[in-house]
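Everything numeric in this text was worked out from a predicted model, so none of it was measured. Numbered from 1 within each chain, the chains take letters A, B, ... in sequence-line order.
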Number of protein chains: 2
Amino acid sequence: MGVKNRYSKMLKRENLRNTSHRQSILEVMEASKEPVSAETLYLTLRDKGISISMSTVYRALDVLVERNIIAKTDFTDNNRSLFEIKREEHRHHLVCVKCKKIIPVTECPFHEYASALEERFGFSITSHKLEMFGYCRKCNKDSDEK
Amino acid sequence: MGVKNRYSKMLKRENLRNTSHRQSILEVMEASKEPVSAETLYLTLRDKGISISMSTVYRALDVLVERNIIAKTDFTDNNRSLFEIKREEHRHHLVCVKCKKIIPVTECPFHEYASALEERFGFSITSHKLEMFGYCRKCNKDSDEK
DNA sequence: CTCCTTAATGGGATTGATTCGCATTTGCAT
DNA sequence: ATGCAAATGCGAATCAATCCCATTAAGGAG
């Protein structure tokens, strides 16, 4: 099944219209290895010759987050939201505080921990986010050389 | 050692002036069981009869985050930043997506996982955030009753 | 205790991301 | 092909956060 067809099904299942803009947005997000901002998305689409407005980008992102197709991830950096498509395995991130590089990580060993908390607090956990901050290999090396 | 004295020392150690506003802000944050927004802080201080401006609140929060005395935590809810004083043990949170209640959790079983990632990616992790989302005991019960 | 330097503050203006309102267009069921 | 509700565009509005600059106050030196 082609990628576009897969998106159609996803949208249909959620009672969302299969518009070309939503298709394009999902394609760009699928292709991106890192979380993207609304503006990056907008500019990328423009570069590809697609005419779209910022409102549409934001609205599409909102509805896709709401339907659990993409995730909004905040890194506390310059008050901007980043968005990432949900893949089979969810992701965590290593964020370099110096060069801002974001490394996705797919391992997630937290089920046990989560279960214990659910029991203790009577809380049903439906999702979680883990972000780790520090210095990437390159920035570590750069500061060694000084 | 009194609380105020402790704050004085923290500020002095960081070469920050021990101003009454910073004292007040730290007191309010210490007393708060949950992360607070800049606005909440501002209003709380006003209620206590302390005259302060939003600029000062934001500036104090910035410098305290920078010096690692408090932490900025974003919960993706209405694009607002929340701040929390750092205690002996760092904290994670259970965030109820319905009533927005935030339950702090002090257990943190991630050192092993973190070490493995550091090795694999040559990344030095200096901090991390884990937030879990779902439904609290009360909101679970409310939806049962329907 | 007083003086002096400079960090900190107030308050208003500004920025910048995100949201809103409403007229127009488009998807899609029939 | 037709009709209607959903989606879009574009400009205006909102709202948290930041900036500017004149004023105040912390705290070290004497």
What is the distance from [atom1] of [X] to [atom2] of [N], rounded to the nearest Å?
X: K12(B); N: dA7(C); atom1: NZ; atom2: C1'; result: 15 Å
X: I50(A); N: dG9(D); atom1: CD1; atom2: P; result: 11 Å
X: L45(B); N: dG10(C); atom1: CG; atom2: P; result: 11 Å
X: I25(A); N: dA7(D); atom1: CD1; atom2: P; result: 12 Å
X: R59(A); N: dC20(C); atom1: CZ; atom2: P; result: 10 Å
X: I52(B); N: dT23(D); atom1: CD1; atom2: P; result: 21 Å
X: L16(B); N: dA25(D); atom1: CG; atom2: C1'; result: 16 Å
X: L61(A); N: dT8(D); atom1: CG; atom2: P; result: 11 Å

Difference in axis direction between the ends of the helix from dC1(C)-dG30(D) to dT30(C)-dA1(D), five pairs, 10°: 40°
What verdict does the salt bridge (charged side-chain N to carboxylate O under 4.0 Å, His left out) test give for E107(B) and R120(A), after you've listed the backbone C-alpha separation in whole Å, the side-chain angles of each residue and the deciding distance to 0.1 Å? CA-CA 12 Å; E107(B) 284 83 0; R120(A) 174 139 62 98; 3.0 Å; yes
side-chain contact (heavy atoms from CB on, under 4.5 Å) with R67(A): which of V65(A), I70(A), V63(A)? V63(A)
Against Y7(A), only a single residue in E30(A), R22(A), K12(A) fulfils side-chain contact (heavy atoms from CB on, under 4.5 Å); can you say which? E30(A)
What closest approach, in Å, do [X] and [Y] show between heavy atoms, and which atom pair accounts for it?
X: S124(B); Y: N140(A); result: OG-ND2, 2.9 Å
X: R80(A); Y: S37(A); result: NH1-OG, 3.5 Å
X: I69(B); Y: E14(B); result: CD1-CG, 4.2 Å

May I ask you to evaluate whether H21(A) reaches the phosphate of dG27(C), defined as a side-chain N or O under 4.0 Å from OP1 or OP2? no
Side-chain N or O of S53(B) less than 4.0 angstrom from OP1 or OP2 on dG10(C)?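 Yes, such a contact exists.
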Does any donor atom in the side chain of E84(A) or H93(A) lie under 3.5 Å from an acceptor atom in the other side chain? yes
Any donor-acceptor N/O pair under 3.5 Å between dG27(C) base and R22(A) side chain: no
Return the polar atom pairs (N/O with N/O) between nucleotides 24-26 of chain C and the protein under 3.5 Å, or none.
none

Are there any protein N/O atoms within less than 3.5 Å of an N/O atom in nucleotides 15-19 of chain C, and if so, which ones and at what distance?
unit_1: dT18(C); atom_1: OP1; unit_2: S81(A); atom_2: N; d: 3.0
unit_1: dT18(C); atom_1: OP1; unit_2: S81(A); atom_2: OG; d: 3.4
unit_1: dT18(C); atom_1: OP2; unit_2: Y58(A); atom_2: OH; d: 2.2
unit_1: dT18(C); atom_1: O5'; unit_2: Y58(A); atom_2: OH; d: 3.1
unit_1: dT18(C); atom_1: O3'; unit_2: N79(B); atom_2: ND2; d: 3.3

Give the nucleotide from the list dG9(D), dG10(C), dA7(D) with an atom nearest to the side chain of T19(A).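 For the T19(A) side chain, the nearest candidate turns out to be dA7(D).
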Ring centroid separation H128(A) to H92(A) under 6.0 Å: yes
Look at the side chain of [X] and the backbone N and O of [Y], then say whether any donor-acceptor pair between them is shorter than 3.5 Å.
X: S24(B); Y: S20(B); answer: yes
X: S115(B); Y: H111(B); answer: yes
X: H21(A); Y: S51(A); answer: yes

Counting heavy atoms not belonging to Y135(A), are there more than 12 under 6.0 Å from its OH? no
